[in-house]
Amino acid sequence: MWIVPEREIASLMTREAAFVAVEKVFAAMATKDAYNFPVVREAIGHVDALYGFKGGFDRSGLTLGLKAGGYWPLNLQTKGIINHQSTVLLFDPDTGRAIALVGGNLLTALRTAAASSVSIAHLARKDAKVMGMIGAGHQAAYQLRAALEHREFEKVIGWNYHPDMLPNIEKVADEAGIPFEAVDLPGMREADVIISITSAFNASLMADHVSPGTHLACMGTDTKGKQEVQPELLAKATVFADEVAQSVSIGEAQHAVADGLIAENNISEIGSVINGTHPGRTSENEITLFDGTGVGLQDLAVAAAVVDLAVKQGVAIEVDF
Ligand code: NAD
């Protein structure tokens with residue numbers, strides 16, 4: 001069995017490799033070659049922790065496993081380590097033997113950024129110039145860094161509920177050599193692509209804050225009750241998701257469906273666009289919206305890729321297990 005510790009991930013995994021792995025597994029989900037197992041998420045009644053696991057099987061890539069972990073809200077202040085903690089365990093689908101244990105913290109950020117990037121690559125207008133960010137927390141920096149690689153953006157605009165956090169994303173724009181401007185929410189009308197990545201429980205972005213032709217990737221809503229955009233926006237948009245079942249239950253679409261504004265069958269899997277069975281964007285004026293809820297198969301895909309890299313580069317630790 002191989003072990004790839006968290007400390008090795010940064011020097012092994014690239015945004016490009018994460019993009020390829022996530023795009024491939026989204027495509028396999030759409031052809032039903034890969035499926036996610038029901039998610040377990042529990043408040044364990046100890047140090048306010050939320051613990052759970054997400055698993056799945058990709059028959060095309062022969063990847064079987066789970067990501068276990070969750071959110072320990074007191075970690076940073078009491079132990080000096082990050083609050084989100086996760087570990088991926090991969091199994092040999094032919095025998096059931098455990099084959100790898102992989103640090104999952106950085107991989108989570110990379111696979112989440114890869115998901116919005118896949119949606120931008122397939123759904124945003126080719127001439128998109130202005131990148132809009134709603135959110136400026138830990139994930140937002142990864143999201144922006146990856147998104148900027150998929151169109152020739154000339155400007156980044158950003159809004160955050162806590163304006164003092166905006167330098168987190170301004171720094172990313174600076175590093176990419178692209179000017180940054182803080183805007184109010186109506187200012188998002190200038191954006192050609194918008195990523196929302198917040199932990200909000202109420203909509204910030206309203207339908208009239210979004211111009212025709214925009215592509216949105218709504219990435220923050222991954223739990224029942226969370227919400228980033230007005231449900232009317234989903235009614236105006238062509239809606240895609242990583243997985244439709246998660247989109248209507250824990251994703252942004254939960255609200256639009258509950259309000260009767262859209263139905264489950266109005267949502268298409270992004271994998272069908274990747275596979276060419278859905279045309280994706282069909283006009284320059286269409287609003288496209290990707291509801292990225294985060295599926296276990298994304299974690300397994302990037303973990304399997306990182307194990308291959310670690311073994312090739314001689315940094316994976318082999319244990320007799
Ligand atoms: P973080 O704590 O670093 O940042 C939180 C962000 O939310 C900040 O920008 C903050 O200003 C904003 N925010 C907080 N309260 C708000 C409010 N009431 N209204 C509007 N904005 C508000 O968190 P993070 O690690 O960047 O994660 C952000 C979100 O992304 C979380 O909800 C997390 O669960 C989600 N997430 C989703 C996936 C996925 O696959 N879809 C993966 C990882 C994280």
Side-chain angles (χ1 to χ4, degrees), residues 18-19 21-22 25-26 29 36 39 41 50-52 54 56 67 69-77 81-86 88 104-119 132-147 158-172 182 184-185 188 194-206 209 216-230 240-243 245-247 249-254 270 289-302:
F19 182 97
V22 168
V25 81
F26 282 166
M29 283 165 59
N36 294 288
V39 175
R41 198 165 163 86
L50 276 177
Y51 165 80
K54 288 183 165 183
K67 177 170 88 167
Y71 189 66
W72 274 257
L74 307 177
N75 270 3
L76 197 58
Q77 69 197 75
I81 57 172
I82 62 170
N83 294 347
H84 283 103
Q85 290 291 331
S86 63
V88 179
N105 296 350
L106 177 58
L107 284 182
T108 298
L110 292 172
R111 66 75 145 149
T112 306
S116 59
S117 284
V118 166
S119 83
M133 287 298 300
I134 307 242
H138 181 73
Q139 300 293 333
Y142 289 94
Q143 291 283 322
L144 178 58
R145 197 166 287 127
W159 176 88
N160 195 46
Y161 184 74
H162 303 101
D164 55 307
M165 294 170 78
L166 281 171
N168 290 341
I169 52 171
E170 182 169 8
K171 187 167 166 264
V172 175
D184 59 9
L185 284 162
M188 278 294 151
I194 299 174
I195 293 177
S196 60
I197 181 84
T198 70
S199 49
F201 279 80
N202 290 297
S204 305
L205 191 73
M206 299 294 138
H209 295 156
L216 290 108
C218 298
M219 304 303 298
T221 297
D222 57 358
T223 303
K224 207 168 163 46
K226 281 189 185 171
Q227 184 175 21
E228 300 191 290
V229 307
Q230 192 182 26
F240 300 86
D242 41 17
E243 188 188 84
Q246 280 199 187
S247 168
S249 54
I250 59 169
E252 203 56 48
Q254 63 181 291
I270 186 82
L289 186 149
F290 172 65
D291 190 4
T293 60
V295 295
L297 282 168
Q298 279 170 262
D299 297 299
L300 305 188
V302 289

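The model shown is predicted, which means the values in this text are computed figures rather than measured ones. Remember, it's 1-based here, ligands and their atoms both numbered in the order they're listed.
A donor-acceptor contact shorter than 3.5 Å is absent between the side chain of Asp222 and the backbone of Thr293.
Remark: of the listed residues His209, Met133, Met188, Met188 is the sole one forming a side chain to side chain contact (heavy atoms under 4.5 Å, CB included) with Trp159. The one candidate from Val22, Val302, Val25 that meets the side chain to side chain contact (heavy atoms under 4.5 Å, CB included) condition with Leu297 is Val25.
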Distance dump, ligand 1 polar atoms to protein, N/O, under 3.5 Å:
residue	atom	partner	partner atom	Å
ligand 1	3 (O)	His138	N	2.8
ligand 1	7 (O)	Ser199	N	3.1
ligand 1	7 (O)	Ser199	OG	3.4
ligand 1	9 (O)	Ala136	N	2.9
ligand 1	9 (O)	Gly137	N	3.4
ligand 1	9 (O)	Asn160	OD1	2.7
ligand 1	11 (O)	Asn160	OD1	3.2
ligand 1	11 (O)	Asn160	ND2	3.0
ligand 1	11 (O)	His162	ND1	2.7
ligand 1	26 (O)	His138	N	3.2
ligand 1	26 (O)	Gln139	N	2.8
ligand 1	32 (O)	Thr198	O	3.2
ligand 1	32 (O)	Gly220	O	3.2
ligand 1	32 (O)	Lys226	NZ	2.7
ligand 1	34 (O)	Asp222	OD1	3.3
ligand 1	34 (O)	Asp222	OD2	2.8
ligand 1	34 (O)	Lys226	NZ	2.9
ligand 1	36 (N)	Asp222	OD2	3.4
ligand 1	40 (O)	Arg111	NH1	2.8
ligand 1	41 (N)	Met219	O	2.8
ligand 1	41 (N)	Gly292	O	2.9

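To the nearest 0.5 angstrom, Asn168 atom CG is 8.0 Å from Lys171 atom NZ.
Within the structure, salt bridge (Lys or Arg N to Asp or Glu O under 4.0 Å) pairs that include any residue of residues 291-301 comprise Lys67-Asp299, Arg111-Asp299 (at least two apart or interchain).
For Phe201, the CZ atom is densely surrounded, since the number of other residues' heavy atoms within 6.0 Å is greater than 12.
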